[in-house]
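First up is the structure itself, then whatever we jot down about it.
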There are 2 protein chains.
Amino acid sequence: MLVQSLNTEQLIIESARKHFAARGFSGVSLQDIAADAGTTKSMVNYYFRSKEKLFSVIFLREFQLLFSSIASFLLEDLPLKEKITNIVSLDVDRLLKMPELPVFIMSEMHRNPEIVLKHLEHIPIDQLLLQLDKQIRRETKQGIIRYIPPRELMINIQSLTIFPFLSKPMMTGRLGYTEKTFTALMMKRKKDIVDTIWKSIAV
Amino acid sequence: MLVQSLNTEQLIIESARKHFAARGFSGVSLQDIAADAGTTKSMVNYYFRSKEKLFSVIFLREFQLLFSSIASFLLEDLPLKEKITNIVSLDVDRLLKMPELPVFIMSEMHRNPEIVLKHLEHIPIDQLLLQLDKQIRRETKQGIIRYIPPRELMINIQSLTIFPFLSKPMMTGRLGYTEKTFTALMMKRKKDIVDTIWKSIAV
DNA sequence: GTCTATATTTCGATAGAC
DNA sequence: GTCTATCGAAATATAGAC
C-alpha cells in the first residue's frame, strides 16, 4: 500500500477537525489550524473563504457521522431488542474511536443551535419515530413489552451510551479510571445498557 | 420587599455567569460581560484582575452547585431506593432552574480538565463511594437488589438525569418539544428514571 | 496553489484623570 | 470606584508577488 500524502485541503480539514473538537469554535485560531496542517492561514481562507465556513464543513461531517447509521439500524426488520443491541454496540464502538465527538456536538449545538437544526432538517426524524412507534405498539400487543413513547426510549438509550463519554475527564481524573479501564468498562457496558433498557420495558 | 439594586461587582458576576455558561470561556469577551453589566471592561479587571480569575470564580460557584447536595443525600440513613429518588428529584428540579449548567461544566471540563480536578480534590469521593458500596452490599445480602458497583450506579443515574438537558436544543428544535412540554417531560421523568434504575438492580 | 506582507478589527490589560 | 484613552498582542481576512 502506498503511503499517499494528503493534499493541502485534506490536511487542513483533518487539522481543523482535531482542533475544533478539542477546543471549540472560538477556542481555536486559523493560525493553530494552519500550523498543524503545515501551511499558512492564507491557505485556509483560500480553500474555505472564512473560519465560519470551515467550521460548518467540519461540523456537518461529524454530525452526520453521529446520526447516520442509527437511522438504518432503526429501519431494519428485526425484533426491538436486537435493534437496541445493534445500536448500542455500534455507538459504543464508534465513540471509543472518537471520544471527543459528543462534547463537540453538544457544546457547539448550544453555542449555535441554528446550524444543528439546519442539518437535522435533512433527516426524516418524524418518519423514523413513527416507524419505531409502530414496532413498539406491535410488541406491546404481543405481550413482549410495555408501551414506551419512542422518543423517550431513544433518549434513554442515548443517555446511557453517550453520557459516560461526556464525563470521561472526571472519570479518568478522579474516579480511578485509566484509558484502559475506561475502555473495558464501556465494552462491558454494552450489555449492561441493553439489559437496563430492556428490563425497564419488558413485561 | 425593596427592589434592591445590585452593586457593580455582583452585576459583573451575574453577567459573566450568564455569558460563560452560554458560550464558554473563549466565546465571550470582557466587553460582552461589561456591557451587559452596564459598565466597562476596566471595572471587570478592577474587580477580578484578569479574565482567567473571573472565570475561575464563576466556574467554582457553578461546579459546587452541581455536586454539593448529592453528597449529603448519599450520607443520609435511608434505604437505597429512597436515596435514589431524592437525588433524582433534587437534580431534575435544579437543572430545570439552570438548564445550561451541564453543558457549561462538560465543555469546560474537556477544554481545561485541570481546573475541574483541582476542585474535585476537596470532595471526599472515595469515601462517598465506599459508603455507598457498603449499603449496596448490605441490601444485596438482604435479597433486595443484585450487586452493582457504586460508580456504575451513579453513572447510570447521572446519565438518565443530565443527558436530556444536554440534548435539549435538539429536542426543542426538532423533536417537537417546547419549553413547556420539555419541563413536563422532565417532571414525569423523575419517576421514570427511578423506575428504570430500580428495575435494573431489583431482585 | 502557495506564500509574504499587510490591512483591519478586536481582545485583554494598564495608565491616569476624576 | 468609575471612567476614557491607549498600548501591545493576536485574530480574521485580503492583496499581490511568484
Side-chain angles (χ1 to χ4, degrees), chain A residues 2-62 104 107-108 110-112 114-115 118, chain B residues 2-62 104 107-108 110-112 114-115 118:
Chain A
L2 279 174
V3 178
Q4 172 77 41
S5 86
L6 301 167
N7 63 32
T8 301
E9 184 172 6
Q10 292 169 320
L11 284 170
I12 291 172
I13 287 185
E14 184 46 31
S15 171
R17 191 200 60 74
K18 206 175 64 187
H19 281 91
F20 279 142
R23 297 194 305 282
F25 178 78
S26 29
V28 178
S29 74
L30 295 185
Q31 173 65 35
D32 297 334
I33 294 170
D36 205 37
T39 181
T40 64
K41 324 176 253 174
S42 305
M43 292 312 295
V44 180
N45 275 304
Y46 171 74
Y47 280 111
F48 299 96
R49 298 286 300 164
S50 77
K51 187 186 180 184
E52 285 280 358
K53 288 200 173 65
L54 170 61
F55 181 82
S56 205
V57 169
I58 304 291
F59 187 87
L60 181 58
R61 289 163 61 101
E62 302 296 303
F104 173 61
S107 42
E108 297 305 329
H110 278 75
R111 186 189 72 88
N112 184 4
E114 298 80 18
I115 192 176
K118 222 177 61 181
Chain B
L2 279 173
V3 177
Q4 173 77 40
S5 88
L6 301 168
N7 64 31
T8 301
E9 184 172 7
Q10 291 170 320
L11 284 170
I12 291 173
I13 287 185
E14 184 46 30
S15 170
R17 192 199 60 75
K18 206 175 64 187
H19 281 92
F20 280 141
R23 298 194 306 283
F25 177 79
S26 31
V28 178
S29 73
L30 294 186
Q31 173 65 35
D32 297 335
I33 294 170
D36 204 37
T39 180
T40 64
K41 323 179 252 174
S42 305
M43 291 312 296
V44 180
N45 275 305
Y46 172 75
Y47 280 110
F48 300 96
R49 300 290 302 164
S50 76
K51 187 185 181 185
E52 286 277 358
K53 288 199 174 67
L54 170 61
F55 181 81
S56 206
V57 168
I58 305 291
F59 187 87
L60 181 58
R61 290 162 59 101
E62 302 297 303
F104 173 59
S107 35
E108 296 304 329
H110 277 77
R111 311 246 183 291
N112 185 5
E114 297 81 19
I115 192 176
K118 222 178 60 177

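Quick note on labels: first sequence line is chain A, next is B, and so on, each numbered from 1.
- D:dC3 atom C1' lies 13 Å from atom OH of B:Tyr47, rounded to whole Å.
- For B:Thr39 and D:dT2, the shortest distance from a side-chain N or O to OP1 or OP2 is not below 4.0 Å.
- Every residue two or more places apart in sequence or in another chain that forms a salt bridge (Lys or Arg N to Asp or Glu O under 4.0 Å) with B:Lys18 is listed here: B:Asp36.
- What separates CG of A:Leu11 from C1' of C:dT2 is a distance of 14 Å, to the nearest Å.
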Practice item. Take nucleotides 7-18 of chain D nucleotide by nucleotide from the 5' end and write B, S or -, depending on whether a protein heavy atom sits under 4.0 Å from the base, only from the sugar-phosphate, or from neither. Key: ----SBBBB---
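- For the ring pair (Phe, Tyr, Trp, His ring centres under 6.0 Å) test, residues two or more places apart in sequence or in another chain that qualify with B:Phe20 are B:Phe55.
- Shown here are the side chain to side chain donor-acceptor pair (under 3.5 Å) partners of B:Glu52, two or more places apart in sequence or in another chain: there are none.
- A side chain to side chain contact (heavy atoms under 4.5 Å, CB included) with A:Arg17 holds for exactly one of A:Ile58, A:Ile33, A:Ile12, A:Val57; it is A:Ile58.
- Comparing atom distances between the A:Thr40 side chain and each of C:dG1, C:dC3, D:dT2 picks out C:dC3 as nearest.
- By the side-chain contact (heavy atoms from CB on, under 4.5 Å) test, A:Arg49 is found to be paired with A:Lys53, residues two or more places apart in sequence or in another chain being considered.
- For B:Asp32, the side-chain contact (heavy atoms from CB on, under 4.5 Å) partners are B:His19, B:Arg23, B:Val28, B:Ser29, not counting sequence neighbours.
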